[in-house]
Amino acid sequence: MSPARPAAVVVLAAGEGTRMKSAIPKVLHAVGGRSLVHHAVAAAAQLAPEHLVVVVGHGRDQVKAHLAEVAPEARTAVQDQQLGTGHAVACALADLPDLHGTVVVTYGDTPLLTGATLLELVATHADRGNAVTVLTGELDDPTGYGRILRDASGAVVAVVEQKDASEEQRAIREVNSGIYAFDAAVLAETLARLTTDNAQGELYLTDVVGIVSGRGERVAALPVTDLWQTAGVNDRVQLAAVHRELNRRTVEAWMLAGVTVVDPATTWVDADVTLEPDVVLEPGTLLQGRTSVGRGAVVGPDCRLVDTEVGEGAEVSNTTSYGAVIGAGATVGPYTYLRPGTRLGRKAKAGGFTELKNAELGDGAKVPHLSYVGDASIGAGTNIGAGTIFANYDGVTKHHTEVGEHSFVGSNSVLVAPLEIADGAYVAAGSAVTARVEPGELAVARGKQRNIRGWVARRRAGSRTAAAAERAEHSGAHAEQGDPTRQHHEHDQRKGRDA
Ligand code: UD1
Ligand code: CA
């Protein structure tokens, strides 16, 4: 065990956050794909404390349930009434008797604070043998914060809250960040002596500083220059500002790790995303949740990928994807919607205006245009023609469709599940397929074409169409070019054979 390992970190998160004007507890609002309190707990966890305690109050059931999911290593202490920051810490310590060593206090609404800064706080605290070390910042506008009072020698003697400060004290620009390291025994003993004799009638944690200093014990400040690290979120304007700054930091770190980001201002990357070198992110790209992108892949412009795995060298543009796996060298988009359970093999293609759900495409399989593929597996090298619909739902249950390897489904077909189309099979364009197709077969499931001679002349006499038909017949164009419908039909079939 490292000597710097704290006995406990206490994260204060019981406040209501009224200025958020929200039904959701403040610390559950998210930036960079994690709640505010998740960020706070993740930084605290980097200290590897013996105890990690989050003090909850407002919305405690929601906050507890959330923490059980994202940070099961954290325990919670309940503060029923918000009687002040000193009371909140006392609630945490009530469950932890006989603490020895260092206790760190942070806030649940300060998401840019890093584990590195906390490690520096704890190391400074231990190295100097302090009873209290407080993280401070120098602000141009210190309004609202507690001010750091120093004596003539420069030693920290107290913290005075805005509401309790004199005019002279309010001019002080060094403020209390609210993040501290305390000697556990000193803290426990001092908390018991706090009073509510102040402008807000609260038990102020900040009073510990004055009491301990007054006894002649060592109290020191650790100034931070990176003020974003201590920026708390109180309203949605600050939420957006902190989110933008977190994103700026995240994107900058990825650029320094070898990722090209064409427009950092319109590229949003969540904290839990992983990117490999030589990834290119085009403008308007949102990478969310646990998305990962492999070496050399190009994502964007205009993509939202959530919990999506993008393989090496893949190209994904104008795509929305939830929980899909995109194989190496695959191409997706533009205007493609991938839903959970979608897996694209190596060099597979999901093209424009195509939606896939719970659908597996083998290596090199292609669904290039205007299709819906739901609950299906499509074998390697198979081509699905434009406008094909996998009809997976009969109004009651979902069914599965299997298409084998190197098969070909003609354009504008409906494949009605449950259905199997074997390896090396064909489906003619415009078919509604309901029965199994065996290897080597061509399935044709559509009305047979019949041409009714002279219909236009009889039923649309005097129309432009009738005149055009007459001209064509007299000029002999009919004989040269044949019936246009017929020609298209034959063309489709030829394409089918060549593909
Ligand atoms: C506090 C500090 C102030 C400092 C500022 C930095 C005190 C008395 N003042 O002021 O010196 O400059 O933070 O942001 O500590 N909380 C609880 N239970 C409570 C009260 C608060 O859990 O009973 C939590 C809140 O949810 C919040 C944090 O403690 O996360 C700070 O509380 P807040 O009321 O915002 O304190 P400030 O008045 O901002
Ligand atoms: Ca605050």
Side-chain angles (χ1 to χ4, degrees), residues 5-17 19-20 22 24-60 62-79 82 85 88-89 91-93 96 102-122 133-135 137 145 176-182 205 222 224 226-236 238-243 245-247 249-250 270-272:
R5 184 183 183 193
V9 180
V10 177
V11 179
L12 304 188
E16 189 173 5
R19 279 174 283 167
M20 295 298 282
S22 178
I24 302 163
K26 176 168 81 176
V27 294
L28 296 190
H29 286 262
V31 290
R34 288 179 173 182
S35 66
L36 299 178
V37 71
H38 186 183
H39 283 287
V41 168
Q46 288 186 40
L47 296 175
E50 286 169 50
H51 304 282
L52 175 43
V53 187
V54 180
V55 180
V56 296
H58 278 279
R60 75 187 69 154
Q62 278 168 277
V63 178
K64 274 186 183 180
H66 173 71
L67 285 170
E69 217 176 279
V70 302
E73 74 275 22
R75 56 196 279 184
T76 52
V78 173
Q79 185 192 26
Q82 280 63 63
T85 47
V89 173
C91 290
L93 298 192
L96 303 171
T102 302
V103 175
V104 172
V105 174
T106 70
Y107 292 165
D109 62 1
T110 310
L112 290 172
L113 180 70
T114 63
T117 298
L118 287 175
L119 284 164
E120 194 190 339
L121 174 69
V122 169
T133 310
V134 52
L135 214 58
Y145 288 88
N176 170 26
S177 70
I179 297 151
Y180 323 76
F182 295 99
L205 180 59
L222 177 65
V224 283
D226 178 11
L227 296 173
W228 280 108
Q229 290 217 26
T230 58
V233 171
N234 295 305
D235 59 35
R236 299 196 198 222
Q238 291 169 342
L239 184 74
V242 159
H243 193 178
E245 178 60 19
L246 171 65
N247 188 62
R249 291 174 182 221
T250 304
D270 274 0
D272 292 315

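All residue numbers refer to positions in the sequence shown, counting from 1. Keep in mind that the numbers below use all heavy atoms, side chains included, and drop hydrogens, waters and symmetry copies.
When side chains are defined from C-beta on, Thr110 does not count as touching His39, because their heavy atoms never get closer than 4.5 Å. Side-chain contact between Val224 and Thr230 is present, with at least one heavy-atom pair separated by less than 4.5 Å. The shortest distance between side-chain heavy atoms of Val11 and Tyr107 does not fall below 4.5 Å. When side chains are defined from C-beta on, Arg249 counts as touching Glu245, because their heavy atoms get closer than 4.5 Å. In this structure, the side chains of Val27 and Val54 stay at 4.5 Å or more apart for every pair of heavy atoms. In this structure, the side chains of Leu52 and Arg75 stay at 4.5 Å or more apart for every pair of heavy atoms. Contact of the Leu96 side chain with the Glu50 side chain is not registered, since no non-hydrogen atoms from C-beta on lie closer than 4.5 Å. You'll find the side chain of Arg19 stays beyond 4.5 Å of the side chain of Gln238, heavy atoms only.
The two residues Ala77 and Cys91 come nearest to each other via the heavy atoms CB-O, 3.9 Å. What you find for Ala13 and Gly108 is that their closest heavy atoms are CB-CA, 4.4 Å. Pairing each heavy atom of Ala14 with each of Gln79, the nearest pair is CB-OE1, 3.2 Å. In plain terms, the two heavy atoms of Glu73 and Ala45 that are nearest each other are OE2-CB, 4.0 Å. Residues Gly57 and Gln82 come closest through the heavy atom pair CA-NE2, 3.8 Å. Between Leu112 and Trp228, the shortest heavy-atom distance links the atoms CB-O, 3.4 Å.
Side chain of His38 to backbone of Ala71: no donor-acceptor contact under 3.5 angstrom is found. A donor-acceptor pair under 3.5 Å is absent between the side-chain atoms of Thr76 and the main chain of Val55, judged by distance alone. Counting only distance, with no hydrogens or angles, the side chain of Arg5 and the backbone of Ala48 share a donor-acceptor pair below 3.5 Å. Side chain of Thr85 to main chain of Leu205: a donor-acceptor pair is present (N/O by atom type, distance under 3.5 Å, no hydrogens or angles). A donor-acceptor pair under 3.5 Å is formed between the side chain of Thr250 and the backbone N or O of Leu246. A donor-acceptor distance shorter than 3.5 angstrom exists from the side chain of Asn176 to the backbone of Gly178, with no hydrogens or angles considered.
Atom CZ of Arg60 is separated from atom NE2 of His58 by 9.0 Å, given to the nearest 0.5 angstrom. Taking OG of Ser22 as the start and CG of Leu239 as the end, the distance is 10.0 Å to the nearest 0.5 Å. Put simply, CD on Gln229 and OG1 on Thr114 are 4.0 Å apart, with the number rounded to the nearest 0.5 Å. To the nearest 0.5 angstrom, Leu36 atom CG is 8.5 Å from Leu28 atom CG.
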- Item | Intermediate values then yes/no, side chain to side chain contact (heavy atoms under 4.5 Å, CB included), Val104 and Val10 | CA-CA 6 Å; Val104 172; Val10 177; over 6 Å; no

- Start with the C-alpha distance between Leu113 and Leu118, add both sets of side-chain angles, then the distance that settles side chain to side chain contact (heavy atoms under 4.5 Å, CB included), and finish with yes or no. CA-CA 8 Å; Leu113 180 70; Leu118 287 175; 3.8 Å; yes

- Item | CA sep, side-chain torsions, deciding dist, call: Arg34, Val70, side chain to side chain contact (heavy atoms under 4.5 Å, CB included) | CA-CA 9 Å; Arg34 288 179 173 182; Val70 302; over 6 Å; no

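The pair Asp235-Lys26 does not meet the salt-bridge criterion, since no charged nitrogen lies less than 4.0 angstrom from a carboxylate oxygen.
For the residue pair Ser35 and His29, no side-chain donor N or O sits within less than 3.5 Å of a side-chain acceptor on the partner.
Between Ile179 and the options Leu222, Leu135, Thr117, Thr133, a side-chain contact (heavy atoms from CB on, under 4.5 Å) holds for only Leu135.
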